[in-house]
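Reviewing the structure listed below.
We name chains A, B, ... by the order of the sequence lines, and we start the count at 1 in each one. Side-chain atoms are counted along with the backbone in the values below, which use heavy atoms only and exclude waters and symmetry mates.
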Amino acid sequence: MTSLKSDFLQILTERDFIHQATDLEGLDAKMAALEKEGPTSAYIGFDCTGTSLHVGSLVQIMMLRWLQKCGHKPIVLLGGGTTRIGDPSGKDESRKLLTDTDINRNMDGIRSIFDQFLTFGDGQNDAMMVNNAEWLDKLEYIEFLREIGTHFTINRMMTFDSVKLRLDREQPLTFLEFNYMILQAYDFMELGKRYYCALQMGGSDQWGNIVNGMELGRRAAGLSLFGLTTPLITTADGKKMGKTADGAVWLNEDSLPAYDYWQFWRNTQDADVGKFLRLFTELPMDEVRRLEALEGSEINDAKIILADEATKMCRGEKAAAKANATARETFVQGGAGADLPTVVIASGVFDGGIPVVDLFVEAGLGSSKGEVRRLIKGGGAKINDVKVEGPEQMVDESAFGEGQVKLSAGKKRHALVKLG
RNA sequence: GGAGGGGUGGCCGAGCGGUUAAAGGCACCAGACUGUAAAUCUGGCCUCGUAUGAGUACACAGGUUCGAAUCCUGUCCCCUCCA
C-alpha cells in the first residue's frame, strides 16, 4: 500500500481493517484535508434484528471509534426502516419479518451500546445517531419509483452477490428483499445530502449495497461518495468469529455479563491474538507486535491484555478490572472471584442437605439433572475444588465455609452459591 | 390450476413394519495432554432414575397391525417441473 496521508486510513490499513475500498487515494486526500475543510463524516448502518449487537459488529464499531479519534464525524445509522424489509445479503433464506414493536425494542438496546464506544453530542466531530425510518417511512411509492427507480437496472441488480447467490442456489428472493439494496442506496444518498456524509463503511457483504449507494448519490444528487469494507473476521480455524457454546458474544451487559465477555477474549486462540489486538484494541502497533510475538505460555499475557482492553472499551474500566480480578483469583489462585455468576439459596433449603445434582442445576451449571449426572460421571464436577464423587452425594450447610460454595463444571465454568 | 418429490434429534443425513432412543458426520460438553490455546486421543450428548428400567420422540391428527419413523387416511408446511 502506498503511503497514505490521512491518519484514519493510515491506521485502518496498518491494523488490517480494509478489505475493499473505492478510490482510496481520493478518500485519503479528502480526509487528510481535515484541518482546512473540517471533518469528513462517515456512516455505518446497523439493522435492528436483535436487542443487542454481537462481536461480529465490533469491527464496524471500532472503525467508527477510530474515525472519531482521528477528528472526523461518525454517523451511526439505525435501520429502523430497512429492518422492516430484511437484508438478503449473505443469507440463504429470508428472515422472519419483525414487528414494529420488536424493532423499537431492539433499537433501544443497540443504541445503548454505542454510548460506550463513541462520544455523542453537537460538536463538530461528535458522533450522531440517525434512524432511517425518518425518511424511508415517508416515501411515496410512485414518486420513489420515478425518482430513484429509474437509476437502477434490473440487469445490474441481478449481478450483485446478495441477489445472485440467492438465485444461483435456487432459493427464493422476494420482491420485498429485492428492494433492500435500493433503500440502502437511498440512505447513503440521503445522508450525503443531509449531513455531508461522504463515506459508507461496512462488512464485506455490504459491498454491493455500498456501491449502489455511491452510484445513486452521484447520478441522482451529484454527490461524490466513497465506500470501504472490512474483511469477514474469522478465527484461525476458519470459523466465523463470535459464537460460543451459549450463542453469540453480545456487547450488551444485559445479554452477556462482563465476566463472560472478558473470558471470551481471554480464550482466544494463539493464532488469533495478533489479529484481535489489532482490530479490537487501541494499543499502539509496537505493543501489538511485541505481544503477538510472545511464544508458549507467555502468550497468555497477551490474551489477558487483549481481554482487559476489549472489556474496558465495551463495559468500562471497572467492569474489566473486576473480571480480570475474578479470573485471577479463580484460575491462578484457585479461589473464587466475586464476579462469578452467583446464586443465592435460602439457607433453610439445606436442612438435611440437598443432592449435588440439584445444586448444580440450581446454579445454572447444567440444564437438566441428567446433564449434571453425566458431568459428574466424567469427573468434571467440583465443589470447592474437590471432585464430586457420585451423583448421590449430598451438600449441606457445612460446605459453606465462608458463607459461599464454589461449584465448577469443567475447568472454565464456575459459579458461586450463597446462603440467603 | 396440474404433475411429482419431501417434512427424522441443535444442524446435515441414513433408516422405509420388529434386531431403532433411531447409523454416520458436524456442532457441543467433560476427561487426558497443556498454557483457561490449538491439534490429538477417550468418554458423553431427549427427560426422569444409582441402575435393571420407565416415559416421551421421527410435521400434526387419526387408522391398520401382536408390533409403525417405516403401511393407510386426513390436515398443515416446503420444494421441483408444467401451465
- prompt: How about A:K322: does its NZ atom have over 12 heavy atoms from other parts shown lying under 6.0 Å from it?
  reply: no
message: Assess whether a salt bridge exists between A:K312 and A:E309, defined as any Lys/Arg side-chain N lying under 4.0 Å from an Asp/Glu carboxylate O.
response: yes
query: Do the side-chain N and O atoms of A:N132 and A:T82 include a donor-acceptor pair separated by under 3.5 angstrom?
result: yes
field: Proximity to RNA chain B (any heavy atom under 4.0 Å), residues of residues 408-415 of chain A only
entry: A:A409, A:G410, A:K411, A:K412, A:R413
Derivation and outcome, salt bridge (charged side-chain N to carboxylate O under 4.0 Å, His left out), residues A:E143 and A:R146: CA-CA 5 Å; A:E143 199 189 325; A:R146 286 181 60 106; over 6 Å; no
- request: Using the C1' atom on both, measure B:A23 against B:G9 and round to a whole Å.
  value: 13 Å
- line: Between CG of A:L306 and P of B:A37 the distance, given in whole Å, is 15 Å
statement: When A:Y259 and A:G378 are each assigned the nearest nucleotide of RNA chain B, the 5'-most assignment goes to A:G378
Salt bridge (charged side-chain N to carboxylate O under 4.0 Å, His left out) between A:D108 and A:R111, intermediate numbers included: CA-CA 5 Å; A:D108 290 341; A:R111 207 173 267 139; 3.2 Å; yes
C1' gap between B:C45 and B:U36, integer Å: 23 Å
query: Side chain of A:N131, backbone of A:A133: donor and acceptor closer than 3.5 Å?
result: yes
- request: Could I get the full list of side chain to side chain donor-acceptor pair (under 3.5 Å) partners for A:K69, not counting sequence neighbours?
  value: A:E282
Please list, one pair per line, the donor and acceptor atoms closer than 3.5 Å that link side chains of residues 327-335 of chain A to other protein atoms, with sequence neighbours excluded.
| from | atom 1 | to | atom 2 | distance (Å) |
| --- | --- | --- | --- | --- |
| A:R328 | NH1 | A:N324 | OD1 | 3.0 |
| A:T330 | OG1 | A:T326 | O | 2.6 |
| A:T330 | OG1 | A:G337 | N | 3.2 |

message: Under 4.0 Å, heavy atom to any atom of RNA chain B: which of residues 266-296 of chain A qualify?
response: A:R266, A:N267, A:T268, A:Q269, A:D270, A:G296
query: Can you tell me how far P in B:A59 sits from the matching atom in B:U50, rounded to whole Å?
result: 33 Å
task: Give each stem of RNA chain B as a range with a range, requiring at least 3 consecutive Watson-Crick or G-U wobble pairs whose two distances are under 3.5 Å.
output: B:1-7 with B:76-82, B:10-12 with B:24-26, B:28-32 with B:40-44, B:46-48 with B:53-55, B:59-63 with B:71-75
query: What distance, rounded to whole Å, do you find between the two P atoms, one in B:G4 and one in B:U8?
result: 22 Å
- prompt: Taking all atoms of both residues into account, what is the closest heavy-atom pair of A:F226 and A:F188, and its distance?
  reply: O-CZ, 3.3 Å
task: Quick one: label A:E298 by what it contacts on the DNA or RNA (base, sugar-phosphate, nothing), any heavy atom closer than 4.0 Å.
output: nothing
query: Are the side chains of A:Y180 and A:N209 in touch, meaning some heavy atoms are under 4.5 Å apart?
result: yes
- request: Determine the interatomic distance between P on B:G2 and the same-named atom on B:U19; round to the nearest Å.
  value: 40 Å
query: How many angstroms lie between atom NE2 of A:H19 and atom CG of A:L228, to the nearest 0.5 angstrom?
result: 11.0 Å
- prompt: If the P atom of B:G24 is compared with that of B:C72, how far apart are they to the nearest Å?
  reply: 29 Å
query: Within this structure, what is the CH2-to-P distance between A:W265 and B:A37, rounded to whole angstrom?
result: 18 Å
- prompt: Tell me: NZ of A:K382 to P of B:U36, nearest whole Å?
  reply: 12 Å
B:G43 to B:A57 separation - P atoms, rounded to the nearest Å: 31 Å
field: Residue closer to the 5' end of RNA chain B, A:L375 versus A:N300 (nearest nucleotide)
entry: A:L375
- request: Measure from the side-chain N and O atoms of A:Q68 to the backbone N and O of A:N125, and report whether any donor-acceptor pair falls under 3.5 Å.
  value: yes
field: Reading 5' to 3' through nucleotides 48-56 of chain B, protein heavy-atom contacts under 4.0 Å coded B for base, S for sugar-phosphate only, - for none
entry: SBS------
Distance between C1' atoms of B:A14 and B:G25 (Å, rounded): 11 Å
Non-hydrogen side-chain atoms of A:L12 and A:M63 separated by less than 4.5 Å: yes
- prompt: How are the rings of A:W265 and A:F276 set relative to one another: parallel (under 30°), tilted (30 to 60°) or perpendicular (over 60°)?
  reply: perpendicular
